Amino acid sequence: MRGPVVVLGDTLLDRDVEGVVNRLCPDSPVPVLDETAAIDRPGGAGLAAVFAAAQGAEVVLVTALADDAGGARLSALLAAAGVQVYPLALSGATPEKIRLRARGRVLLRHDRGGASGEPGQPSDEVLRVLGAASAVLVSDYGRGVARQPALRDALAATRAPVVWDPHPRGPAAVPGVHLATPNESEVRELVPALPGASRLAAASRGAQGLRRRWRAGAVAVTLGGDGALLCHAGSTPLVVPTPGSAEGDTCGAGDRFAAAASLALAQGALVSEAVQAAVAEASAYVAGGGVAAALPPPAPARSAGVVGPGGDRVGVAAVATLLGEVRAAGGTVVATGGCFDLLHAGHVATLQAARQLGDCLIVCLNSDASVAGLKGPDRPVMSEGDRSRLLAALSCVDAVLIFDEPTPDAALSWVRPDIWVKGGDYATGGGDAAATLPEAEVLRRWGGNTVVVPYLDGRSTTDMIVRSIGERTR
């Protein structure tokens, strides 16, 4: 593949709540689910991107993330799965799909997040990565990303094969896509079947109608456990049956199908070969236990609340509130990050300089687990609770966000700061200082900038610890 596989579309936060039912509710005849476990995962376009990344591909996800706890959780989950997130701003709340399950069966699905928010404008870097893609999968869940005019123009201009997984509430595919992958019910909603038509006849008529309407190269209608029906320019469709029985949880099967087809096209397969590979992948996915078996359990979510007494400026909820206020006023969001173990004058100088560059300063703080992974089991000296409280007490710091990963990439993809600030010897090495910052590439994804500020010489947490140990052992 000459470039990354780009997945573009709406990402949801999926949650499976597992439990047991042993009684009915006393005030109405409905079962009571006693929760035993809950698992979060990316849904929609995010799930398709995770599936593609799990196959070893370089995957870029162009999606909209809201300034709320759900958006923060999605960013962390996607980063953990190896997906490079190129975020757009999203007004409103993160859409969530919650399945209540008992003994492997879904009792109820609860959707929340309200009406679709308006996605923001893509950066130049987003448009560049679409032009450099080896294949593009548009995973439309009817929430607006696939309608964005600049993205549609870029999709129409790309030379990469485009797979369009449509939604009845979404827009028409851009003209000239290589392959559209609706399921049976979507086809019936988009192209009503003739009265009395057989299943295959209805699918074939719908596929041909969509192919002509969208000027698509081919349309593959997925038929659940019976495989798929592929319509090219000719009059005779190709039926691709499943290789065996595929019964089980079908949640995410369509995303698995579309991701597999996109990967095959990126590797140079013919459309018919890509559809055969996708049927085999989706069938094995369902037979193997579906999404619960296909993805490893994610790490537990960090609390979105505040941390400790006076911690009203610490945590996802605090940062989300601040982001909403500053962006509503058209302000500039500045962020910096680090371990900040044993806060000293050098840290304070950097934070004060950073705050002067915008309208708020958010500190992305490595958690205890993250610090230990970076610096060894003897660090940090101070717990994340104490470190976050000290930072939040500084007048130059507006909010603190604690992250568990080795790098702040996931936190940055959610916060989307206009400016990322680093202090230290970056500024004295010559050349392009911003290019030496590992976060610079991440900031470019949404058009942000990286800068360095002067650092007070002779201040070092490690040196302070070494001197302290030395004095105690004299």
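None of the values given here were measured: they were computed from a predicted structure.
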Closest approach of [X] and [Y], non-hydrogen atoms and distance?
X      : Y      : result
Ala253 : Ala282 : O-CB, 4.0 Å
Leu401 : Gly315 : CD1-C, 4.3 Å
Val7   : Ala49  : CG2-CA, 3.9 Å
Ala180 : Trp214 : CB-CZ3, 3.9 Å
Pro171 : Asp140 : CD-OD2, 3.3 Å
Ala81  : Ala53  : O-CB, 3.6 Å

Going by heavy atoms in the side chains, are [X] and [Y] under 4.5 Å from each other?
X      : Y      : answer
Leu443 : Asn449 : no
Thr181 : Trp164 : no
Asp255 : Tyr141 : yes
Leu65  : Thr94  : no
Glu384 : Val371 : no
Val187 : Val219 : no
Leu230 : Leu179 : yes
Ile362 : Asp398 : no

Do the side chain of [X] and the main chain of [Y] share a donor and acceptor less than 3.5 angstrom apart?
X      : Y      : answer
Arg99  : Val17  : no
Glu186 : Asn183 : yes
Ser262 : Val163 : no
Ser370 : Glu405 : yes
Ser413 : Asp409 : yes

**Request:** Let me see the working for Val421 and Val453 under side chain to side chain contact (heavy atoms under 4.5 Å, CB included), right down to the final yes or no.
**Result:** CA-CA 7 Å; Val421 179; Val453 295; 3.8 Å; yes
Side chains of [X] and [Y]: do they bring a donor and an acceptor to under 3.5 Å?
X      : Y      : answer
Ser367 : Asp404 : yes
Gln352 : Arg355 : no
Thr332 : Asp418 : no
Thr11  : Thr63  : yes

**Message:** Counting only heavy atoms from other residues, nucleotides and ligands, does the tally under 6.0 Å from CG of Asp111 exceed 12?
**Reply:**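 Atom CG in Asp111 is packed in, count exceeds 12.
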**Message:** Atom CD of residue position Glu118 - does it have more than 12 heavy atoms of other residues, nucleotides or ligands inside 6.0 Å?
**Reply:**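 Count not over threshold, so no.
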Under-4.0 Å salt bridge between [X] and [Y]:
X      : Y      : result
Asp368 : Arg387 : yes
Arg445 : Glu125 : no
Arg169 : Asp10  : no

Atom [atom1] of [X] and atom [atom2] of [Y]: how far apart are they, to the nearest 0.5 Å?
X      : Y      : atom1 : atom2 : answer
Leu390 : His347 : CG    : NE2   : 11.5 Å
Leu137 : Leu61  : CG    : CG    : 10.0 Å
Arg205 : Arg188 : CZ    : CZ    : 13.5 Å
Leu47  : Arg41  : CG    : CZ    : 8.0 Å
Cys360 : Leu323 : SG    : CG    : 6.5 Å
His232 : Gln208 : NE2   : CD    : 10.5 Å

**Prompt:** Do Arg256's NZ or CZ and the ring of Phe51 fall within the cation-pi criteria of under 6.0 Å and 45°?
**Reply:**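 Because its charged atom sits under 6.0 Å from the ring centre and within 45° of the axis, Arg256 does stack over Phe51.
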**Request:** Check Pro87, Pro417, Ser75 against Leu412 for a side-chain contact (heavy atoms from CB on, under 4.5 Å) and give me the one that passes.
**Result:**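 Among Pro87, Pro417, Ser75, the one that satisfies the side-chain contact (heavy atoms from CB on, under 4.5 Å) with Leu412 is Pro417.
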**Asked** What residue among His110, Arg112, Arg109 forms side-chain contact (heavy atoms from CB on, under 4.5 Å) with Lys97?
**Response**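 Going through His110, Arg112, Arg109 one by one, the side-chain contact (heavy atoms from CB on, under 4.5 Å) with Lys97 is satisfied by Arg109 alone.
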**Test side chain to side chain contact (heavy atoms under 4.5 Å, CB included) applied to Leu77 and Leu13, step by step** = CA-CA 10 Å; Leu77 290 169; Leu13 179 60; 4.0 Å; yes
**Message:** Run Phe340 and Val400 through side chain to side chain contact (heavy atoms under 4.5 Å, CB included) and show every step you take.
**Reply:** CA-CA 12 Å; Phe340 295 97; Val400 179; over 6 Å; no
**Request:** Kindly indicate, with the supporting measurements, whether the criterion side chain to side chain contact (heavy atoms under 4.5 Å, CB included) is fulfilled by Arg327 and Arg416.
**Result:** CA-CA 11 Å; Arg327 286 182 172 140; Arg416 300 187 311 279; 3.4 Å; yes
